[in-house]
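This chain uses plain numbering: 1 for the first residue, then up along the sequence. What's counted below: heavy atoms across the whole structure, side chains too, no hydrogens, waters or symmetry copies. Every number for a ligand or one of its atoms is a count from 1 in the order of the listing.
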Amino acid sequence: MVAEFAGLTEAESKLLSSTSSTDVSVLDRMVENVIGAFSLPLAVATNFRVNEKDYLVPMAIEEASVVAAASHAAKLARPGGGFHGSMSDPVMIGQVQLLDIADPDGATKRILAEERKLLELANSKDPLLHKVGGGAKKIEVRVLHTPRGPMVVVHLLVDVRDAMGANAVNTMVEAIAPELSRLSGGRSHLRILSNLAINRLAHVKAVFTKEVLASDDWSGEDVVEGVLDAWCMAAYDPFRCATHNKGVMNGISAVAIATGNDFRALEAGAHSYAAWKAGEGRVISPLTMFEKTPNGNLVGSIELPMAVGTIGGTTAVHPMAKLAMKILGVSGAGELGTIMAAVGLAQNFAALRALATEGIQKGHMTLHARNVAIMAGARPDQADRLAKVMVSERAIRIDRAKELLEKEHTS
Ligand code: MEV
């Protein structure tokens with residue numbers, strides 16, 4: 001029907017059913033109206049040493065240079081000991097919105113007084129999670145004064161252990177909502193997880209020694225100062241900060257996709273955290289921070305929410321995600337989140353270093369030029385040669401690639 005609707009040729013229809021390393025029946029159980037599979041390159045980032053352990057980090061991403069940049073940054077972090085970090089307890093927030101409340105302060109008091117009962121009710125919905133040390137842990141209440149009147153917003157804090165947690169949390173908030181309505185004297189409206197996971201944070205640090213940052217064209221000191229100036233612009237300019245944080249998420253989302261994690265949730269969490277942390281009067285803050293040590297080395301750090309899981313969801317059903325998890329070899333969500341934060345920091349450091357020195361296009365263009373050569377019809381072995389010429393000429397265009405190819409064929 002789709003082929004008929006869109007006028008697909010026979011070859012195009014065949015392509016739909018032939019592009020997957022994953023059985024379409026598996027995909028068909030994941031979402032609705034499946035007509036095929038969409039492939040992304042799956043790569044591994046190398047050189048990552050996190051908390052004294054070496055990893056090959058699977059990344060699924062379509063953007064050239066990202067994997068190379070992360071791998072290179074991880075290599076530069078190794079002389080300083082690699083990445084060190086941890087994650088806080090995996091506590092997610094579920095929200096219940098309460099409306100038509102005559103006395104918000106009284107409602108708040110009554111809800112808090114029943115905290116223990118409410119937690120028990122929530123935990124009765126997921127006894128297994130409770131048994132392994134997770135489950136609903138705390139109730140918080142906020143009162144919002146809005147143009148549509150006061151709203152009481154209840155937060156249920158749930159330790160979701162190794163799950164991403166959306167299902168567990170959503171089930172729990174739906175379960176306690178009627179009781180919250182009764183206690184508040186109003187009615188419950190929205191009952192849903194918050195992606196601003198301020199209690200589930202990853203913290204990672206790395207030292208990049210000035211010696212390792214030096215190259216033929218740049219002294220280590222220049223690179224350190226250059227990265228500090230680049231970071232500072234992000235800290236003071238929201239227009240730059242958006243791009244700075246986008247670079248961080250290039251790495252994190254690529255690992256999230258490869259491991260079957262919800263990258264939209266991570267993106268939402270990261271960018272809203274960057275806004276939340278910026279504080280009064282500011283729009284957004286960088287997810288990373290760069291400083292200089294007394295002996296002139298560069299220290300990078302990252303802090304952001306990391307709502308990732310190693311059990312359940314796509315991670316457990318998608319064969320490629322399962323494979324990626326095996327390559328990564330992590331034992332739980334805390335380890336996965338720490339690695340992902342390390343990749344985000346590496347990615348950001350690589351971007352700042354490139355931007356502060358030779359510019360971003362040089363490395364990017366070499367890979368891009370190869371793609372342009374392939375698009376012009378070059379075989380992979382020819383593509384490397386053509387790419388080199390086009391980069392040296394600073395003429396990375398399909399017409400130039402075709403000309404060069406023609407020359408190769410006639411010479
Ligand atoms: C491109 O995908 C990401 C960068 O723009 C990040 C940055 O500017 O920091 C290179």
Side-chain angles (χ1 to χ4, degrees), residues 40-45 48 57-77 83 204-206 208 213 215 218 222-258 263-264 266-275 277-278 282-292 298-304 340-372 391 396:
L40 282 175
L42 176 67
V44 280
F48 273 88
V57 186
M59 298 175 81
I61 186 160
E62 85 299 344
E63 186 176 330
S65 304
V66 167
V67 179
S71 303
H72 187 58
K75 189 174 177 181
L76 297 183
F83 299 86
V204 170
K205 256 190 179 177
F208 301 92
L213 298 181
S215 64
W218 303 87
D222 283 347
V223 178
V224 171
E225 297 303 325
V227 170
L228 292 175
D229 286 337
W231 176 81
C232 197
M233 180 173 174
Y236 284 85
D237 177 7
F239 291 92
R240 170 60 203 150
C241 194
T243 322
H244 179 104
N245 289 347
K246 189 270 182 183
V248 171
M249 297 312 290
N250 270 349
I252 292 176
S253 286
V255 185
I257 295 171
F263 62 95
R264 287 89 52 213
L266 286 168
E267 293 275 354
H271 297 299
S272 56
Y273 187 67
K277 242 191 101 180
R282 300 185 100 156
V283 180
I284 188 167
S285 59
L287 294 165
T288 59
M289 160 118 140
F290 284 91
E291 295 160 294
K292 191 165 61 170
L298 189 67
V299 187
S301 56
I302 185 167
E303 177 188 274
L304 81 169
M340 287 169 72
V343 175
L345 177 59
Q347 207 71 62
N348 179 238
F349 163 74
L352 297 190
R353 177 174 177 263
L355 288 166
T357 55
E358 64 199 19
I360 207 76
Q361 287 303 74
K362 195 173 161 208
H364 193 75
M365 278 302 153
T366 310
L367 284 167
H368 176 59
R370 207 176 173 281
N371 284 339
V372 169
V391 168
I396 302 160

Notebook entry, point to check: What heavy-atom pair brings Phe208 and Ala73 nearest, and what distance separates the two atoms?
Noted result: CE2-O, 3.6 Å
Margin query: One residue to check: Leu355. Relative to ligand 1, which of side chain, backbone, both or neither has a non-hydrogen atom less than 4.0 Å away?
Written below: side chain
Next item on the list: Check each atom of ligand 1 against the heavy atoms of Gly247 and keep those under 4.0 Å away; list them by number with element.
Entry: 6 (C)
Next item on the list: Determine, using heavy atoms of Gln347 and all atoms of ligand 1, whether some pair is separated by less than 4.0 Å.
Entry: no
Next item on the list: Apply side-chain contact (heavy atoms from CB on, under 4.5 Å) to Ile61 and Ile257, showing your working.
Entry: CA-CA 8 Å; Ile61 186 160; Ile257 295 171; over 6 Å; no
Margin query: Run His244 and Thr288 through side-chain contact (heavy atoms from CB on, under 4.5 Å) and show every step you take.
Written below: CA-CA 9 Å; His244 179 104; Thr288 59; 2.7 Å; yes
Checklist line | Heavy-atom pair of closest approach, residues Leu42 and Ala258 | finding: CD1-CB, 3.8 Å
Checklist line | Distance filter under 4.0 Å to Lys246 heavy atoms, resulting ligand 1 atoms | finding: 1 (C), 2 (O)
Item checked: Residue portion contacting ligand 1 (non-hydrogen atoms closer than 4.0 Å) for Val66 -> neither
Notebook entry, point to check: Given the rule in the side-chain contact (heavy atoms from CB on, under 4.5 Å) test, do Phe349 and Ile302 qualify, once you have shown the distances and angles that lead to the verdict?
Noted result: CA-CA 11 Å; Phe349 163 74; Ile302 185 167; over 6 Å; no
Check: Donor-acceptor pair, Asn245 side chain versus Ser285 backbone, under 3.5 Å?
Finding: yes
Next item on the list: Within a distance under 4.0 Å of any heavy atom of Glu63, pick out the atoms of ligand 1 and give their elements.
Entry: 1 (C), 2 (O)
Check: Would you say His244 and ligand 1 have an N/O pair spaced under 3.5 Å apart?
Finding: no
Margin query: Measuring from atom NZ of Lys277 to atom OG of Ser272, what distance do you get when rounded to the nearest 0.5 angstrom?
Written below: 13.0 Å
Checklist line | Proximal ligand 1 atoms for Thr243, defined as those under 4.0 Å from one of its heavy atoms | finding: 5 (O), 6 (C), 7 (C), 8 (O), 9 (O)
Next item on the list: Identify, for atom 8 (O) of ligand 1, the protein heavy atom at the shortest distance, and state residue, atom and that distance.
Entry: Arg240 NH1, 2.9 Å
Notebook entry, point to check: Looking at atom 3 (C) of ligand 1, what's its closest protein heavy atom, distance included?
Noted result: Asn250 ND2, 3.5 Å
